2 protein chains.
Amino acid sequence: MSQRNTGVPSLVSGADGGSHTEMTCTVMQVLERVSSKWSIGILLAAMDGPVRFTELERRVKGISRRMLTLTLRNLERDGLLVRTVYPTVPPKVEYTATDMAKELYDSLQALTAWAERNLESIAAARRRYDAATP
Amino acid sequence: MSQRNTGVPSLVSGADGGSHTEMTCTVMQVLERVSSKWSIGILLAAMDGPVRFTELERRVKGISRRMLTLTLRNLERDGLLVRTVYPTVPPKVEYTATDMAKELYDSLQALTAWAERNLESIAAARRRYDAATP
DNA sequence: CGGTATCCGGAGAGATACTG
DNA sequence: CAGTATCTCTCCGGATACCG
């Protein structure tokens with residue numbers, strides 16, 4: 001989340017009945033978890049069952065070891081992934097998506113659907129805007 | 001969102017049937033639009049009809065003039081807001097959410113619902129993690 | 001295999017002052 | 001009123017090297 005900025009902004013209580021205000025805060029908290037560059041990719045890669053570290057590194061294309069570790073730690077901290085260590089040699093670590101993560105995945109479907117429906121509209125809007133703004 | 005990092009990561013085609021891969025890309029593109037620190041707040045503040053610049057500044061608590069302008073420009077560029085200038089003195093500018101933005105708002109409800117259901121679980125998971133990680 | 005440790009660059013965001 | 005223009009700072013993310 002965008003990992004960049006911290007702090008959840010909110011609306012003042014204006015013409016707002018209260019629901020918008022709450023929604024802003026609440027939704028922003030989800031976005032903070034999910035909008036970091038690699039969170040979604042990792043989460044999805046771990047949805048089909050336990051995955052090992054190296055397997056994740058392969059599946060999530062372009063990610064560095066560092067960011068994989070950091071993002072995994074955050075997802076684990078938020079209870080979206082479970083980390084299981086097998087004390088063998090060589091070590092074996094598995095990451096498993098929790099039920100909460102699976103529900104999150106379902107909730108993201110609406111957003112994905114919106115994106116698919118409007119991707120072209122957005123691209124068109126951008127072309128128009130960029131053409132009109134030299 | 002997102003502000004911070006650009007570039008949409010994707011999964012490699014592994015055990016994935018293809019849907020996960022697509023979803024990652026697609027959903028990330030939405031998140032990039034929406035996850036910048038102030039996007040949601042502004043969008044929500046503009047959902048109830050046309051809003052003027054200063055009114056937005058009042059409603060979106062804590063935002064600076066600069067970030068308000070920048071975020072408005074991006075939202076306009078993506079076709080989520082329409083900017084209407086009345087050539088009067090003093091100037092009057094109104095921002096109106098498009099239908100696309102309203103659909104986006106609806107799609108965010110699922111995410112908000114998830115957040116409300118799991119906010120406490122997440123907080124608990126964090127407490128556990130932080131307690132176990134000195 | 002599954003990580004840490006370090007260094008570094010760039011974008012996002014804040015504060016402030018000025019203007020048509 | 002509705003913005004630009006600057007300057008600065010933070011901190012995310014990439015690259016690289018090393019360790020149990």
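Letters A, B, ... mirror the listed sequences (proteins, then strands); counts begin at 1. Predicted, not measured: the structure shown is a model, and the values here were computed from it. Just so you know, these numbers use all the heavy atoms, side chains as well, and skip hydrogens, waters and symmetry mates.
- Residues forming a side chain to side chain donor-acceptor pair (under 3.5 Å) with Y95(B) (at least two apart in sequence, or on another chain): R73(B), R83(B).
- For W114(A) (side chain) and M100(B) (main-chain N/O), a donor-acceptor pair under 3.5 Å exists by modelled atom type.
- Between its two ends, the helix from dC1(C)-dG20(D) to dG20(C)-dC1(D) turns its axis by 50°, counting five pairs per end and rounding to 10 degrees.
- Of the candidates dA13(C), dC1(C), dG13(D), the closest approach to any side-chain atom of W38(A) belongs to dG13(D).
- E76(B) pairs by the salt bridge (charged side-chain N to carboxylate O under 4.0 Å, His left out) definition with nothing, not counting sequence neighbours.
- With sequence neighbours excluded, the residues that form a side-chain contact (heavy atoms from CB on, under 4.5 Å) with A110(B) are S107(A), A110(A).
- Rounded to an integer number of Å, the gap from L70(B) CG to dT6(D) P is 14 Å.
- What separates NZ of K92(B) from C1' of dA2(D) is a distance of 13 Å, to the nearest Å.
- OP1 or OP2 of dG2(C) has at least one side-chain nitrogen or oxygen of T54(A) nearer than 4.0 Å.
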So which protein nitrogen or oxygen atoms get under 3.5 Å of nucleotides 3-10 of chain C's nitrogens or oxygens?
from, atom 1, to, atom 2, distance (Å)
dG3(C), OP1, R73(A), NH2, 3.2
dG3(C), OP1, R83(A), NE, 3.4
dG3(C), OP1, R83(A), NH2, 2.6
dG3(C), OP2, Y95(A), OH, 2.8
dG3(C), N7, R65(A), NE, 3.0
dT4(C), OP1, R73(A), NH2, 3.2

Without placing hydrogens or testing angles, list every side-chain donor-acceptor pair under 3.5 Å for residues 122-130 of chain B, not counting sequence neighbours.
from, atom 1, to, atom 2, distance (Å)
R126(B), NE, D78(A), OD1, 2.7
R126(B), NH2, D78(A), OD1, 3.2
R127(B), NH2, E120(B), OE2, 3.0
D130(B), OD1, R77(A), NH1, 2.6
D130(B), OD2, R77(A), NH1, 2.4

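- The side-chain contact (heavy atoms from CB on, under 4.5 Å) search around A45(B) returns L11(A), L56(B), R59(B), V60(B), not counting sequence neighbours.
- Around the NZ atom of K92(B), the shell of radius 6.0 Å holds more than 12 heavy atoms that belong to other residues, nucleotides or ligands.
- In this structure, CD of E57(A) is placed 14 Å from C1' of dA15(D), rounded to the nearest angstrom.
- Evaluation of the side-chain contact (heavy atoms from CB on, under 4.5 Å) rule for S39(B) yields S36(B), T71(B), L75(B) as partners, not counting sequence neighbours.
- Atom CG of N74(B) and atom C1' of dA13(C) are 13 Å apart (whole Å).
- Spacing between atom CE of M67(B) and atom P of dC9(D) amounts to 18 Å, rounded to whole angstrom units.
- Atom-to-atom, CG of L56(B) to C1' of dA2(D) comes out at 11 Å; the value is rounded to the nearest Å.
- When the P atom of dG2(C) is taken as reference, atom OH of Y86(A) falls 12 Å away, rounded to whole Å.
- Residue whose closest nucleotide on DNA chain D sits further toward the 5' end, between P91(A) and I63(A): I63(A).
- As a whole-Å value, the separation of K37(A) NZ from dG12(C) C1' is 14 Å.
- Not a single side chain to side chain donor-acceptor pair (under 3.5 Å) links Q109(A) to another residue, sequence neighbours left out.
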